[in-house]
Trainee: 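Pasting a structure here, questions to come.
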Amino acid sequence: MGIVIGQNQYGKAECRLVTVDRSSDRHNIKDLNVSTSLRGAFDETHLTGDNSNVLPTDTQKNTVFALAKESPVGEIEDFALRLGRHFVDSQEPVEGARVLIDEYSWQRIPVDGADHDHSFSRAGEEKRTTAVTIDGSQAYVVSGLKDLVVLKSTGSEFWGYPKDKYTTLTETTDRILATAVTARWRYLSTDVNWAKSFEAIRSTMLEAFATTHSYALQQTLYEMGKAVLEQQPDVAEIRMSLPNKHNFLYDLEPFGLNNENEVYIAADRPYGLIEGTVTRDDVQPAPQAWYSLPEF
Ligand SMILES: O=c1[nH]c(=O)c2[nH]c(=O)[nH]c2[nH]1
């Protein structure tokens, strides 16, 4: 029985790239976290330490910054495609590349009623994301968002679940429902208006969260995913990870007060974690696990 090296990849994780577009006095900034990884003929470095095929991760890092200078970064999907193709096209042993980018968003600071030209404030914790895989001449794009925090103060119930000797949760027909949405969706092509598509999908998810009368966060997840697939023909599937950010009704009876669904304690841990993929029954799956929706 022999021992072999299995699937492997390597690269530079979390290059924090910031660019300033100074082509006019009204600056535009991009604030990204870029990770690259390469697949290909890398058995030898694992088996014998022969690095003749190994483009250093340090070079991969430098390439991120050099390509950001050579032409404007643009949409994160376009930059990730450019980077991934660069590695596959320029290094013979590299057969595939995966580029992950998170984009932090900044908004202009309002001064005297007008948005400032070169001062910004961070627009919350939410990130726009992409995971681009290049395999030879093929390209696969999975975009998404992280940490979109939402809450509804009614229109959420949870009851009808099995009870055993360890169950203490009381059934409710009116609770707070809150989560931080992380979602990734897989495109069927690379001929997409990335910014427009992102904005449309984000609005669709928010609208579905708001308008679904929820009997479970699982049901809300499905409704959000279904709405995206109904409206976006170029999206094959969407995966979501939804932490149930529990808000528990606070017991005010010891103080002789009746809590009429108004006072809650927000618990940060532990939290329910609801995850699922909403897909089409007639769509080709991603060709390999590496190209499919990443786990979170
Ligand atoms: O929407 C919910 N889904 C669950 O699976 C669950 N479990 C739980 O304790 N509360 C909730 N809420």
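Note that ligands are numbered from 1 as they come in the structure, with each ligand's atoms numbered from 1 the same way. All of these numbers come straight from a predicted model, not from anything done at the bench.
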Trainee: Ligand 1 versus Leu177, non-hydrogen atoms closer than 4.0 Å: side chain, backbone, both, neither?
Mentor: neither
Trainee: Among all protein heavy atoms, pick the one closest to atom 9 (O) of ligand 1 and tell me residue, atom and distance.
Mentor: Leu169 CD2, 3.5 Å
Trainee: Thinking salt bridges, do Asp117 and Arg108 make one under a 4.0 Å N-O criterion?
Mentor: no
Trainee: Does the distance from a Lys or Arg side-chain N to an Asp or Glu carboxylate O, for Lys30 and Glu103, drop under 4.0 Å?
Mentor: yes
Trainee: Do any N/O atoms on Ala216 end up under 3.5 angstrom from N/O atoms on ligand 1?
Mentor: no
Trainee: Tell me the protein heavy atom at minimum distance from atom 8 (C) of ligand 1, and give that distance in Å.
Mentor: Phe158 CE2, 3.7 Å
Trainee: Contact between Val141 and Val192 at the side-chain level, heavy atoms closer than 4.5 Å - yes or no?
Mentor: no
Trainee: Numbering the atoms of ligand 1 from 1, which are under 4.0 Å from a heavy atom of Gln218?
Mentor: 1 (O), 2 (C), 3 (N), 4 (C), 5 (O)
Trainee: Do any N or O atoms from the side chain of Asn53 and from the backbone of Asn51 form a donor-acceptor pair under 3.5 angstrom?
Mentor: no
Trainee: For ligand 1, which atoms sit closer than 4.0 Å to a heavy atom of Leu217?
Mentor: 1 (O), 2 (C)
Trainee: Is a side-chain N or O of Arg128 found less than 3.5 angstrom from the main chain of Phe198, in a donor-acceptor match?
Mentor: no
Trainee: Do Thr212 and Thr220 have side-chain N/O donor and acceptor atoms under 3.5 Å apart?
Mentor: no
Trainee: Got an N/O contact under 3.5 Å between Arg175 and ligand 1?
Mentor: yes
